[in-house]
Protein chains: 2
Amino acid sequence: MNEIHLSNNQKELIEKFGVFLESKGWQPAIARVLGLLMISDTNELTFDQIREVLHLSKSATSSALNFLLNTNKIEYITKTGERKRYFRIRQIMFEDILKEEQDMRHKFISVLKEVHELKESKNLNGLCETIKDVIDYLEFTNNHLPKLYAEWVSNRRK
Amino acid sequence: MNEIHLSNNQKELIEKFGVFLESKGWQPAIARVLGLLMISDTNELTFDQIREVLHLSKSATSSALNFLLNTNKIEYITKTGERKRYFRIRQIMFEDILKEEQDMRHKFISVLKEVHELKESKNLNGLCETIKDVIDYLEFTNNHLPKLYAEWVSNRRK
DNA sequence: CTTTTGGTTCTGCAAATACAGAACTAAAAG
DNA sequence: CTTTTAGTTCTGTATTTGCAGAACCAAAAG
């Protein structure tokens, strides 16, 4: 069956990463699978390898992998003559996570704008001004982040 | 009893804001209370006013308010000769929310650093390089955000 | 001293979550 | 045709969450 082995360091790190993702609303098992694929020495792991090291049921493994596939966090490769799939992290996953943060800020901005509009139409000051500032600041940073990214790209590879 | 009244617009907006906060991991009732304090025409609301418009139980209202007080999202004022408290949004709340995002990124960075360290020590390339880049980028933006904030402050009040 | 006000705290429960286990399936191997 | 492989799907359930309800309490009013 070709089981893989994890050091204690690796196990702890997978849990730590898992807890972090849980705090962001992820399901425990899904978080562990993603963590495993990130931390394991072997980049590509099979269904059963994942199931065994993480002590998950087949159903949990299956739905975790499908969730991660559907949300573009992982992908799989196959090998000629083998039916099983080898799952691995999609490199772009990290960019996706940052993009999700950006989306979150956009949603925040859009609710705040609605609140501001409603309050402004009633000439309610105080909070209204604060909200306006927050919107302003969020939009300002959101507009500057792409530039910052470009700057980083051009500076990194010396 | 002095009940307050909300327009349909306001009710919907409170729910919308509530759903947004739920997606960030907040409990429904707590999210509604914060939304109410932000959206209501009256800035300061009493325990019973909040309880009544939101159709919450006393216990839910109590624990929501205490949570929001403990996490510095709201504060209360009192009026001479009255025992009851008037709750309101803390203006700084918004800055806090942004700060919490920053903290989240820091936590992300610190786990990624551990992962990177472990992988680097084993000369595992591929993912390792990607992780290094993500760490780099996150730190880069985190370092530039304060400058961006300063820039925004100096530009806003013409 | 009794009642009212403005809450707090404790207990219980309905609903949602997150997973295990077993039955199932489709393709390939024997 | 039977068995094995590589999963998927369905059902059940332990655990957690999020709140209601009732009992409780301290300060003020009557």
Side-chain angles (χ1 to χ4, degrees), chain A residues 1-4 14-15 17-37 44-71 73-88, chain B residues 1-4 14-15 18-37 44-71 74-88:
Chain A
M1 272 68 175
N2 210 343
E3 301 116 19
I4 64 158
I14 290 172
E15 292 307 314
F17 183 66
V19 169
F20 171 74
L21 288 186
E22 281 182 52
S23 81
K24 295 196 61 147
W26 291 55
Q27 288 185 209
I30 297 180
R32 301 304 179 283
V33 172
L34 191 64
L36 170 63
L37 290 175
E44 289 100 15
L45 297 179
T46 67
F47 187 99
D48 276 313
Q49 286 176 322
I50 294 167
R51 230 206 60 225
E52 273 162 18
V53 271
L54 295 181
H55 303 290
L56 288 175
S57 67
K58 288 179 118 192
S59 62
T61 310
S62 174
S63 62
L65 287 172
N66 283 319
F67 175 85
L68 292 171
L69 285 170
N70 290 332
T71 53
K73 300 295 178 285
I74 64 171
E75 61 192 0
Y76 64 84
I77 56 161
T78 48
K79 300 186 178 179
T80 41
E82 281 190 52
R83 193 144 63 93
K84 66 186 159 214
R85 299 179 284 179
Y86 291 82
F87 299 93
R88 68 178 179 200
Chain B
M1 273 57 176
N2 212 344
E3 302 116 19
I4 64 158
I14 290 172
E15 291 307 314
V19 169
F20 170 74
L21 288 185
E22 280 181 54
S23 81
K24 296 196 59 144
W26 291 55
Q27 290 186 207
I30 297 180
R32 301 306 180 279
V33 172
L34 192 65
L36 170 63
L37 289 175
E44 289 100 16
L45 296 179
T46 67
F47 187 99
D48 277 312
Q49 286 177 321
I50 294 167
R51 231 206 60 226
E52 275 163 16
V53 271
L54 294 182
H55 303 290
L56 289 175
S57 68
K58 287 179 117 193
S59 63
T61 310
S62 175
S63 62
L65 287 172
N66 283 319
F67 174 85
L68 292 170
L69 285 170
N70 290 332
T71 53
I74 64 170
E75 61 192 358
Y76 64 85
I77 55 161
T78 48
K79 300 187 179 178
T80 40
E82 282 191 50
R83 192 145 64 93
K84 65 185 161 220
R85 299 179 284 179
Y86 291 82
F87 299 92
R88 68 179 180 200

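For the numbers below, each heavy atom of this structure counts, side chains included, while hydrogens, waters and symmetry mates do not. Lettering of chains follows the sequences in order, A, B, ..., and the numbering in each one begins at 1. Note that the structure is a prediction, hence the values are computed from the model and not measured.
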Do the side chains of A:I30 and A:L65 get nearer than 4.5 Å, heavy atoms only? no

To the nearest Å, how far apart are A:W26 CH2 and C:dC19 P? 13 Å

Whole Å only: how far is the CD atom of A:E22 from the C1' atom of D:dT15? 13 Å

Can you tell me if the side-chain N/O atoms of A:Q27 get under 4.0 Å from OP1 or OP2 in C:dT17? no

What is the distance, rounded to the nearest whole Å, between atom CZ of B:F47 and atom P of C:dT9? 11 Å

Is B:R85 close enough to C:dG7 that one of its side-chain N or O atoms is under 4.0 Å from OP1 or OP2 there? yes

Cation-pi geometry met for A:K84 and A:F47 (6.0 Å, 45°): no

Closer than 4.0 Å, any side-chain N/O of B:R51 to the OP1 or OP2 of D:dG21? no

If the threshold is 4.0 Å, N to carboxylate O, is there a salt bridge linking A:R32 and A:E22? yes

From CG of B:L45 across to C1' of C:dG6 the rounded distance in Å is 16 Å

Output the single nucleotide from D:dT8, D:dA20, C:dT8 whose closest atom is nearest the side chain of B:N66. C:dT8

What is the separation between atom CD1 on A:I50 and atom P on D:dA6, rounded to the nearest whole Å? 13 Å

Nearest-neighbour nucleotide for the B:R83 side chain, D:dA20, D:dA6, C:dG6 considered: C:dG6

Of A:E82 and A:A60, whose closest DNA chain D nucleotide lies nearer the 5' terminus? A:E82

Return whichever of A:T61 or B:S62 has its heavy-atom-nearest nucleotide of DNA chain C closer to the 5' end. B:S62

Once you round it to whole Å, what is the distance between C1' of D:dC19 and CG of B:L65? 15 Å

State which of C:dA28, D:dA27, C:dC19 makes the closest approach to the side chain of A:A29. C:dC19

To the nearest angstrom, the NZ-P distance between B:K58 and C:dT5 comes to 11 Å

Tell me which of A:G81 and A:G25 sits closer to the 5' end of DNA chain C, going by the nucleotide each one is nearest to. A:G25

Rounded off to whole Å, could you give me the CG-to-C1' distance for the A:D48 and D:dT5 pair? 9 Å

Decide yes or no, distance alone: a donor-acceptor N/O pair under 3.5 angstrom between the base of D:dG21 and the side-chain of B:S57. no

Could you pull out all residues at least two apart from A:R51 that satisfy salt bridge (charged side-chain N to carboxylate O under 4.0 Å, His left out)? A:D48

B:Y76 vs B:F87, ring pair (Phe, Tyr, Trp, His ring centres under 6.0 Å): CA-CA, chis, key distance, verdict: CA-CA 4 Å; B:Y76 64 85; B:F87 299 92; 5.8 Å; yes

